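To keep things clear, I will list the structure first and then write my remarks on it.
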Amino acid sequence: MSRPIIEVKGLSKRYLLGAIGATSLRVEFQRLLSRLRGAPAANPNEFWALRDISFDVQAGEVIGIIGRNGAGKSTLLKILSRITEPTSGTAILRGRVASLLEVGTGFHPELSGRENVYLNGAILGMTKREVRRKFDEIVAFSEVERFIDTPVKHYSSGMYVRLAFAVAAHLEPEILIVDEVLAVGDAAFQAKCIGKIQDVSHQKGRTVFFVSHNLAAVSQLTERCLLLQSGRLAYAGPTERALEEYFVSDQSMPSTSFDVSERPREHSMGQTARILRLRFEKKTPQFGPDEPLSFIVRVRSNADLTQLRTSLTVISNEGAPVGSGFSADTARLRNGETVDLRVQLPQPRLAPGHYHCDVSIGTGTPLTGLKEYDVVAKAIQFEVLAARSTSGTISQWQHNWGKTVYSGVTSEPIPPGAG
Amino acid sequence: MSTKVPSSPEVVIQATRGFHLVAWRDIYAYRDLLWLLVWRDFVARYKQTALGPIWHIAQPLVTTVIFTVIFSHVAALSTNDLPPTLFYLCGLLAWNYFSQTFTSTSSALVANANLFGKVYFPRLVVPLAGVFSNFISFLIQFVTFLVFLVLYRLGHPAATCGLGWSALLLPLLLVQLACLSLGVGLWLAALTAKFRDFAVLSGFIIQLWMYVTPVIYPLTQVPSQWRLVAAINPVTVPVECFRVMLLGNGYISFHLFAVSIAATVFALFTGLLIFERVEKTFVDIV
């Protein structure tokens, strides 16, 4: 293995809580006075945003950084992109670094798209000649050809972001640092951005540092992740393990258990029988592309029931119902009894993304007529992860392809004359 | 997947101890950005204004008219027998370059805090761009001044004021003014980053500063034993020199010049040191 392209050793960053934000002259003067009098410095409120972080990155790797808000992700990126200095420790970068902590940094609203491409390119570290060479490519990627000579203040926010990302995407650094930029733009454009980042790492062999709260994007893009917890490196390793560690360690993350017993119901639902709790049996609320969706519903009955069934409606993140399913009505519950029912959807065929389910218990089927005892909206939430193709690239699901993945689609030639 | 070990230089990131002088090589690498910022400063300032670059001329002209009325006619301050309009135009030529560069430099860090918080490039590029874009504005004012000088000479064939051979040294004087305004401006930029008090102060400072500089009065009006003290204000000598070079009228001596150069070098050197020190971590405190 060659020398790592990034070598980080014992990196720490301390903020003085009193000193965050400019102090006033008066406060500083008082501080100086008290120091002169020999009093202890009145500022013991230090806060370590990063503490003793060490890791290596090999050339061509795509590294994800995950962690809660305030875990130190942004501080780490700021240090690596030289925006601020560490308090102690070193980081060695062997290659040109470009950081993309926000798209459109330095765009000037009064200047035209063309002028801003040059300006923004230069801010990001490109020379004028480099920008000129890639100009057509940048404009084509951004899809704003017609408006390239219009001041960007007249752009729609989508055009603005597309142009800004296009400039950044055509940087050719050895190390690319990307933070949350995918939070902007519509789904189709996000997909395009992810594609571009993959392209940069796989085809061009560049090193990419990727920070995002979009865990689906992290798991698609990266093979290795650093997990930060309150400024310390809690885990470094394969993305799947890192994500698992993240969910296990982090109680505020999408949980795997949902207590709905106290939730208010509509139309006096939940009297005869009531859903108390729903939970996933796995450690994370995430499912692979071909994985059956399965969870456990705890039901308490206030009557003798002989024909109880469960039903669920899967609803996409945008609020559109994707589909519904009904179990057979075979469960039997005695008055006062509490039972756990395992609900399974063997082939959900869901496109990658976030979903929630409305879950109900009742009796009857759509054919025989339905009677509901209890309905819980948004009872569970989960995520379907994207497939990782064998070639190492990611099969990108396009937003406008819908929410259902059809499997077993065939396409075969018909022999001439057979029809 | 082709991975090649890049030949680019190693960047070592660690806490800087003490003071460091400017990484000029870094700034050279970003020279394209420097010119684009100069161009942006100049172009963007007057987008969607009706008069555009005419503002560069209008502002000093209006000021000159007001000075002529108030200081020359009402207060009857001496202009050393020079026509007041030319006297003030010439003084303002030097002073405006100084004060504009001082202002743009002193606000460079705080005004661009958002940009600096998102992307790295040598911070000094921004104040440097101000030095150059204000130079363009200087050139426009300079031409205006020359037009007025020529018109005056045409109207007064007997007049003696005018450019001497020493005017050829004007570029050197401009370099001094640039260094000076940059140095003092960097001090304020660094202080403003930490204490917002200075954002309020810098406007005030520049206002008062003009009155201790011989812009509206000639240096000869200062009692001779105080002139050396006046030269500690490093802008005094360049402003007076402008009049010597462009109008052939003024008072200058080697001693005054030496004091002024020394003050300039001191301001620039310490300004760069303090700025370089603050820029490393200033995004943490804005």
Side-chain angles (χ1 to χ4, degrees), chain A residues 2-3 5 11 13 15 19-26 28 58-60 78-102 105-106 108 110-111 115 118-119 121-129 131 151 174-175 201-205 392, chain B residues 1-16 26 29-37 39-41 43-49 110 112-123 125-126 191-201 279-286:
Chain A
S2 58
R3 279 206 303 177
I5 191 162
L11 211 60
K13 175 79 181 174
Y15 287 109
I20 294 178
T23 54
S24 78
L25 204 53
R26 193 168 58 87
E28 198 76 2
Q58 300 297 327
K78 275 187 177 174
I79 291 174
L80 290 180
S81 46
R82 297 173 73 190
I83 288 165
T84 186
E85 276 193 342
T87 308
S88 61
T90 51
I92 300 170
L93 308 175
R94 299 191 174 91
R96 192 163 85 144
V97 183
S99 59
L100 211 52
L101 303 197
E102 188 180 276
T105 329
H108 195 292
E110 297 287 351
L111 300 178
E115 292 164 340
Y118 279 95
L119 185 61
I123 285 173
L124 294 173
M126 284 194 260
T127 63
K128 223 189 279 179
R129 190 186 300 160
V131 180
E174 277 92 19
I175 303 166
S201 64
H202 290 288
Q203 257 89 63
K204 308 226 165 95
Chain B
M1 189 156 74
S2 72
T3 56
K4 64 172 196 293
V5 176
S7 54
S8 312
E10 260 186 23
V11 178
V12 179
I13 298 170
Q14 57 190 348
T16 359
D26 237 17
Y30 277 87
R31 62 193 178 282
D32 280 350
L33 176 61
L34 178 64
W35 298 126
L36 277 164
L37 286 178
W39 165 85
R40 180 200 72 174
D41 278 358
V43 171
R45 192 180 302 169
Y46 298 108
K47 287 250 170 151
Q48 220 174 42
T49 59
V110 173
N112 292 288
N114 187 42
L115 180 57
F116 290 161
K118 297 295 177 195
V119 59
Y120 170 81
F121 53 85
R123 299 336 189 186
V125 168
V126 172
L191 287 169
T192 311
K194 200 149 168 59
F195 311 106
R196 281 309 137 74
D197 310 57
F198 285 94
V200 187
L201 261 178
E279 67 144 28
K280 304 284 185 208
T281 54
F282 104 99
V283 291
D284 300 339
I285 56 170
V286 279

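Letters A, B, ... are given to chains in the order of the sequence lines, protein chains preceding strands, and every chain is numbered from 1. Predicted model, so just to flag it, every value in this text is computed and none were measured.
The closest side-chain heavy-atom distance from B/Arg40 to A/His108 is below 4.5 Å. Considering only heavy atoms from C-beta on, A/Leu124 comes within 4.5 Å of B/Val119 through its side chain. Side-chain contact between A/Pro86 and B/Ile13: present, with at least one pair of heavy atoms (C-beta onward) separated by less than 4.5 Å. Contact of the B/Trp39 side chain with the A/Leu111 side chain is registered, since non-hydrogen atoms from C-beta on lie closer than 4.5 Å. The shortest side-chain heavy-atom distance between B/Leu36 and A/Tyr118 falls under the 4.5 Å cut-off.
Residue B/Lys280 holds its NZ atom at 10.5 Å from OG1 of A/Thr84, rounded to the nearest 0.5 Å. Atom CG of B/Leu33 and atom CE of A/Met126 lie 11.5 Å apart (nearest 0.5 Å).
Partners of B/Tyr120 by ring pair (Phe, Tyr, Trp, His ring centres under 6.0 Å), not counting sequence neighbours: none found.
If you measure heavy-atom distances from A/Thr90 to chain B, the contacts under 4.5 Å come from both the backbone and the side chain. Of the atoms belonging to B/Arg123, it is side-chain heavy atoms, and not backbone ones, that fall under 4.5 Å from chain A. Interface remark: B/Phe121 contributes side-chain atoms only to the contact with chain A (heavy atom separation under 4.5 Å). Proximity to chain A (any heavy atom under 4.5 Å) is shown, for B/Val125, by neither the backbone nor the side chain. For a residue to count as touching a neighbouring chain, one of its non-hydrogen atoms must lie under 4.5 Å from one of that chain's; by this rule A/Lys78 touches chain B with the side chain only.
Annotation: maximal heavy-atom pairing with chain A below 4.5 Å, among B/Asn114, B/Val12, B/Leu34, occurs at B/Val12. With chain B as partner, the option from A/Val97, A/Ile123, A/Leu11 having the largest number of non-hydrogen pairs under 4.5 angstrom is A/Ile123.
Looking at every heavy atom in both residues, A/Arg82 comes nearest to B/Asp26 through NH2-OD2, 3.6 Å. Among all heavy-atom pairs drawn from A/Thr87 and B/Ala15, the shortest one is O-CB, 3.4 Å. Between B/Gln14 and A/Glu85 the shortest heavy-atom distance is O-OE2, 3.5 Å.
A donor-acceptor pair is defined here as one N or O able to donate and one able to accept, closer than 3.5 Å; no such pair exists between the side chain of B/Asp32 and the backbone of A/Ala122.
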